[in-house]
Protein chains: 2
Amino acid sequence: MSVNPGEMATIKDVARVASVSVATVSRVFSGSVAVREETQRRIREVATALRYSPHGGARSLSTSRTHTLGVLLPDLYGEFFSEVIRGIDLAARRSGYHIIVSGSHNERCEIEAAMRAMRGRVDGVIVMSPNIDAQALIANLPDSHPVVLLNCTIRGSAFDSVTIDNMRGARGMVRHLIGHGHSRIAIVTGAAGNRDGNERRRGYHSALSEAGIRRNPSWEIPGAFTEDSGFDAARALLGLSVRPTAIFAANDSMAIGVLSALREAGVSVPDEIAVAGFDDISIARHVSPPLSTVNVPIAGLGELATTRLMSALLEKERHVSRRDVLRTTLMIRSSCGRAGHEH
Amino acid sequence: MSVNPGEMATIKDVARVASVSVATVSRVFSGSVAVREETQRRIREVATALRYSPHGGARSLSTSRTHTLGVLLPDLYGEFFSEVIRGIDLAARRSGYHIIVSGSHNERCEIEAAMRAMRGRVDGVIVMSPNIDAQALIANLPDSHPVVLLNCTIRGSAFDSVTIDNMRGARGMVRHLIGHGHSRIAIVTGAAGNRDGNERRRGYHSALSEAGIRRNPSWEIPGAFTEDSGFDAARALLGLSVRPTAIFAANDSMAIGVLSALREAGVSVPDEIAVAGFDDISIARHVSPPLSTVNVPIAGLGELATTRLMSALLEKERHVSRRDVLRTTLMIRSSCGRAGHEH
DNA sequence: TTGTAGGCGTTATCAG
DNA sequence: CTGATAACGCCTACAA
């Protein structure tokens, strides 16, 4: 009664109808202090009758805690990001937090704008910025709230970070190929300037040089992490006078594109050319032939980042920042030769 | 100066340092009313010096507009959701909105709790609830803010909705198979109780009956939209005394699992068994053989839902709710026979 | 063009 | 256990 039907009921409405003070209603809903059983019941009844529920924004203005995490991503395309978000959401919800995500942030200014816009809406932020140039500039972000870097580190910064051991993973896979007798190994790299891609290429280089194999620049084809770019790269490789005997793609999507191009060209895998990928997305084991790849705990990446952020939130003052590096696992299937041994 | 270094600067700090009133600072940042050039410049200088940026939460408390959209999803797994989110994020950002996403809501109570928790944090909500049971109960959600239903409709409710024409898409694909001489057509359905899955099955039934083909219950294998469930379903089908000559999977992930199982069993596709999927995820054209499927404008689904929500937000009072149904397109590739004609 | 003051919905402090 | 009341950070008439 006497509640504006169009608007939403506020704590005042509930207090008035239940004949108590707003303070008491607040106590009931935040569960902080004890309220008499009888009073409490009455308040809850009135609240449901009025369809009242606390206003999150107002609550956080008063407590200065939003119970929300910001997630800044370069893109939202493909299974990789979907998995990362899933991991973050899982861990966040477990702690009663929401996440507000924002994609397509590659430029420095965009990231800064997004972070600014999140001021007062989040308690902390997870930032993924694989673009090299942007990284240098993220370094001096306003430290309005705790930040955890995902898949990117910044020298000298005090930010927490969670990354994948791309270098070791790639090196392991290339070593495996070399161990199976391959020496003409090509790579389809990630987008230029992409940190993960660059590290994976470094791993490739490292494995080659430790085996005394000289690099061949024409066997390093730039890709863009998409199936189509893998497809194109493979076609380029097939056009070479000296073909490689193995192709290592910097991610699974490109590897699948490679498989597709080879099939179309009538090149048998792995007999004529071996193929390997990186990430181990769920489809990898179901393509033809099943794709050898480097397993990355993608959702785990998001979960760990969230965990770190949460602890930074709690410890608040004097939180000692840390850098976690997630290990990868070699998944040897048939695309790179039969009967491989797990690493 | 005289600004607490640990805390974040507020509008008051800026006003004090710039020797103006908070109102003027506010005007500069909201750009509503004109402020003298000179004054404006000074304020901006002070603001950057103090690293000030408006507090979103406080701002929305006084304007009662959060510039944020809530997105409730049943799950966050796989390329489908990733694409939907991408579409929503794209459209939302275009209008200067953020999105706060929340996954794993299948039960009615979870959805309600999530919506309650979003009170005061969002201006409107996009809800995807493919679970049949939940739908009946969503009907009486608190109408705290505008809602757009994604891929689910509720009889008699006044909610806007954006859905895919699953029925027609599936029927078209099955008709195509029939047109190519198949009559023993199996289906791997979606999870029981999933609306999309059910409608696709209805389309399958419809195509069969209009062609005078009797259904065979043992050719309707329940799946779960995952590669693995498609794999298992195909194995079950292969074990039958009378095998189907075509398998229609209710989504691409399962179709890929089916292909994988058939290959492993040495069954050639499409010669011995034709295979078709639904969704047309980007990998579909790159698997072996390239997968015939039903193209769904997934990101478009998210974009349209956002557009509808935005207009509901603007029109506010007396917004006439509408139901959009997105058409699908048949993508005939080689997994269901050669030289098909596009629909 | 600029300043003053009230209010947005909650929580927290301090009395009773 | 409960009730006033001052924040929280910002916006917006209303005045000047």
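Hydrogens, waters and symmetry mates play no part in the numbers below; they use all other heavy atoms, side chains included. Every chain is numbered from 1 and lettered A, B, ... according to where its sequence line falls, protein lines coming before strand lines.
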**Set of side-chain contact (heavy atoms from CB on, under 4.5 Å) partners for B/Val325, sequence neighbours left out** = B/Thr163, B/Asp165
**Request:** Not counting sequence neighbours, which residues clear salt bridge (Lys or Arg N to Asp or Glu O under 4.0 Å) with A/Glu303? List them please.
**Result:** A/Arg94
**Request:** Tell me, please, which residues at least two apart from A/Arg42 pass salt bridge (Lys or Arg N to Asp or Glu O under 4.0 Å).
**Result:** none
**Between P of D/dG9 and CZ of B/Arg65, the distance in whole Å** = 23 Å
**Item:** Contacts of A/Tyr52 that satisfy ring-ring contact (aromatic ring centres under 6.0 Å, His included) - sequence neighbours left out
**Value:** A/Phe29
**Complete:** With sequence neighbours left out, the residues meeting salt bridge (Lys or Arg N to Asp or Glu O under 4.0 Å) with A/Arg86 are A/Glu83
**Message:** Test of understanding: with ring-ring contact (aromatic ring centres under 6.0 Å, His included), list the residues that count as partners of A/His67, not counting sequence neighbours.
**Reply:** A/Tyr97
**Request:** Find the bend of the helix from C/dT1-D/dA16 to C/dG16-D/dC1 as the angle between its two terminal axes (five pairs each), to the nearest 10°.
**Result:** 30°
**Asked** Considering residues at least two apart in sequence or located in another chain, which fulfil the side-chain hydrogen bond (donor to acceptor under 3.5 Å, both in side chains) criterion with A/Arg116?
**Response** none
**Request:** May I ask you to check whether B/Ser60 and B/Thr63 show a side-chain donor-acceptor distance below 3.5 Å?
**Result:** no
**Message:** Could you work out, with ring-ring contact (aromatic ring centres under 6.0 Å, His included) as the rule, every residue matching B/Phe80, not counting sequence neighbours?
**Reply:** none
**Message:** My understanding is that only residues two or more places apart in sequence, or in another chain, count here; which of them pass salt bridge (Lys or Arg N to Asp or Glu O under 4.0 Å) with B/Arg59?
**Reply:** none
**Item:** Separation of atom CG in B/Asp123 from atom P in C/dC8, rounded to whole Å
**Value:** 18 Å
**Message:** Can you build the contact string for nucleotides 10-16 of chain C? Use B for base contact, S for sugar-phosphate-only contact, and - for no protein heavy atom under 4.0 Å.
**Reply:** BBBB---
**Prompt:** Within the pair A/Thr24 and D/dG3, is there a side-chain N or O less than 4.0 Å away from OP1 or OP2?
**Reply:** yes
**Request:** Using a cut-off of strictly less than 4.0 Å between a heavy atom of the residue and any atom of DNA chain D, enumerate the qualifying residues of residues 33-42 of chain A by number.
**Result:** A/Ala34, A/Val35, A/Arg36, A/Thr39
**Request:** May I have the distance from A/Leu61 (atom CG) to C/dG7 (atom C1'), rounded to whole angstrom?
**Result:** 12 Å
